[in-house]
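Everything below concerns the one structure shown next.
Proteins come first, then strands; the chains are lettered A, B, ... in the order of their sequence lines, and each starts at number 1. Below, all heavy atoms of this structure are taken into account, side chains as well, without hydrogens, waters or symmetry copies.
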Number of protein chains: 2
Amino acid sequence: MRLILAITNALADETRVRAVLALQGGELCVCQLIELLGLAPSTISKHLFLLKQAQLIESRKEGRWIHYRLAGDDAPQAVRDALAWLFASAAKEPDALDDAKRLKTILKQDPEDICKRQMQSLKSCSCAPATPAAAKWRKAGLAISRAR
Amino acid sequence: MRLILAITNALADETRVRAVLALQGGELCVCQLIELLGLAPSTISKHLFLLKQAQLIESRKEGRWIHYRLAGDDAPQAVRDALAWLFASAAKEPDALDDAKRLKTILKQDPEDICKRQMQSLKSCSCAPATPAAAKWRKAGLAISRAR
DNA sequence: TCGTTAATTCGCCAATTGACGAATTATAGA
DNA sequence: TCTATAATTCGTCAATTGGCGAATTAACGA
């Protein structure tokens, strides 16, 4: 029951649902999620913590950057099925499609630029470099979302 | 997105999850749910309202009694899939098994007796008579839960 | 028609949640 | 080593939620 409620609670918030849907395309760093979701870094961080508690997402640290991705095949069945339910149910949601579109433009930008822009407008920031490791996890993320 | 969040919000509370799981065995009246869940009638009523808003359950009025049952095949795909996810994920939960056991003893009792006991201990109450219509919906409920 | 009663709605309170900024941690680079 | 920075944790606040009892609604039955 603990895990079930952690999952439903985690998915009972629009921002968190949008974050999970955004990760369908592969892993993202916090700064990209901040850019997409338009909330303060500390707020995003807390949301990601809740999603991670529910085992819906995993994270990988690379230097100063933390990359988040969807839970893998090692996740509990309840988690994988919940993600499958969400993706199927949200596939044609206007909000999700809009986010997917905006995410595309975010991914086209140099993460450094996103970082700098956030630095200027706010005062804390994060961004991700396009390292080989990141490319690998992005590919894995794509494979996962395709498999569902 | 509206429906998705209504569903996850509705299922993000232990009492409501227990109520939905209890309805797997067929329809129940509010008084039986009060007995099972051990909360005030007004509280149960509010929970059922939220579940109904999310289209996870439906209700049927029979005289003074209102019988709740799981959503049927006419419910949106997201709803039916969410219920299927919940039933699969909660199948072996100790809390659910315990509730199922206690529900059995509740169902064995004459609803009138449950009603009277609630009347005495509290001062508001509800119960359900074993009418032919109730038996029909109970049967339908069993068919639904078997199909998942 | 008038009580009785199953259930809901309403109003209130304590606890939780989501948001933010400030402070902190950890890592890269000068 | 010292600075800059990506991200988190902490403290605070307003808004929401879950709980209850009281009042209300709707339907049966004397």
> Is there a donor-acceptor contact under 3.5 Å from the side chain of B:Arg102 to the main chain of B:Leu36?
Replying inline: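 Checking the backbone N and O of B:Leu36 against the side chain of B:Arg102, a donor-acceptor pair under 3.5 Å is found.
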Side-chain N or O of [X] versus OP1/OP2 of [N]: is the shortest distance under 4.0 Å?
| X | N | result |
| --- | --- | --- |
| A:Thr43 | C:dA19 | no |
| A:Tyr68 | D:dA6 | no |
| B:His47 | D:dG19 | yes |

> To the nearest 0.5 Å, what is the distance between CG (A:Asn9) and CZ (A:Arg16)?
Replying inline: 7.0 Å
> How many angstroms lie between atom CZ of A:Arg80 and atom CG of A:Leu56, to the nearest 0.5 angstrom?
Replying inline: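 Going from CZ on A:Arg80 over to CG on A:Leu56, the span is 12.5 Å.
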>> Both B:Leu50 and B:Ser42 contact DNA chain D. Which one's nearest nucleotide lies toward the 5' end?
In response: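 On the 5' side of the pair lies B:Leu50.
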>> Once you apply a heavy-atom cut-off of 4.0 Å, does B:Lys61 come out as touching a base, just sugar-phosphate, or nothing?
In response: sugar-phosphate
>> Could you go through A:Glu58 and A:Lys52, starting from their C-alpha distance and side-chain angles, then the distance that decides it, and tell me whether this counts as salt bridge (Lys or Arg N to Asp or Glu O under 4.0 Å)?
In response: CA-CA 6 Å; A:Glu58 301 169 358; A:Lys52 202 173 168 185; over 6 Å; no
> Of A:Ala12 and A:Gly63, whose nearest nucleotide on DNA chain C comes first from the 5' end?
Replying inline: A:Ala12
> Counting side-chain heavy atoms from C-beta on, which of D:dG18, C:dT8, D:dT9 comes nearest to A:Ser45?
Replying inline: D:dT9
> When you measure from the side chain of B:Arg64, which nucleotide among C:dG21, C:dT4, D:dC20 comes out closest?
Replying inline: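 My answer, after comparing the listed nucleotides, is C:dT4.
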> Rounded to the Å, how far apart are B:Asp13 CG and D:dT17 C1'?
Replying inline: 9 Å
